[in-house]
Student: 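For reference, the structure I am asking about is given below.
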Amino acid sequence: MPKEKQDYQTMQTALDAVLAALQRPDVQVDEAVKLYEEGLKLIKQLGEHLEQAENTLEKLRLQTPKA
């Protein structure tokens with residue numbers, strides 16, 4: 001089953017949670033590695049989301065007639 005596309009705020013909140021978990025003094029090495037991987041995945045998704053939004057805005061800007 002395909003994963004639902006998440007919105008930017010949901011992904012940002014998830015990344016904040018990962019960062020907070022990585023900063024815990026009791027985080028185990030194996031868990032830290034998994035959290036780090038998850039964080040990298042979220043950062044990539046956030047970047048793609050921002051790039052898509054930027055492309056959409058650029059298309060809209062080009063379609064808007066100049067006054």
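Both backbone and side-chain heavy atoms feed into the values below; hydrogens, waters and symmetry mates do not.
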Student: Could you list all the ring pair (Phe, Tyr, Trp, His ring centres under 6.0 Å) pairs where at least one residue sits in residues 14-33, not counting sequence neighbours?
Tutor: none
Student: Quick one: list whatever passes side-chain hydrogen bond (donor to acceptor under 3.5 Å, both in side chains) with Glu38, sequence neighbours left out.
Tutor: none
Student: Scan for side-chain hydrogen bond (donor to acceptor under 3.5 Å, both in side chains) pairs involving residues 28-37, sequence neighbours excluded, and state none if there are none.
Tutor: Arg24-Glu31
Student: How would you list, by chain and number, every residue that makes a salt bridge (Lys or Arg N to Asp or Glu O under 4.0 Å) with Asp7, sequence neighbours excluded?
Tutor: none
Student: Check which hydrophobic residues are tied to Val27 through side-chain heavy-atom contacts below 4.5 Å, counting indirect links as well, and list them.
Tutor: Tyr8, Met11, Leu15, Val18, Leu19, Leu22, Leu35, Leu42, Ile43, Leu46, Leu50
Student: Listed by chain and number, what are the salt bridge (Lys or Arg N to Asp or Glu O under 4.0 Å) partners of Glu58, not counting sequence neighbours?
Tutor: Arg61
Student: Would you check if the side chain of Thr10 reaches a backbone N or O of Gln6 as a donor-acceptor pair within less than 3.5 Å?
Tutor: no
Student: Just how far is it from atom NE2 of His49 to atom CD of Gln9, taken to the nearest 0.5 Å?
Tutor: 10.0 Å
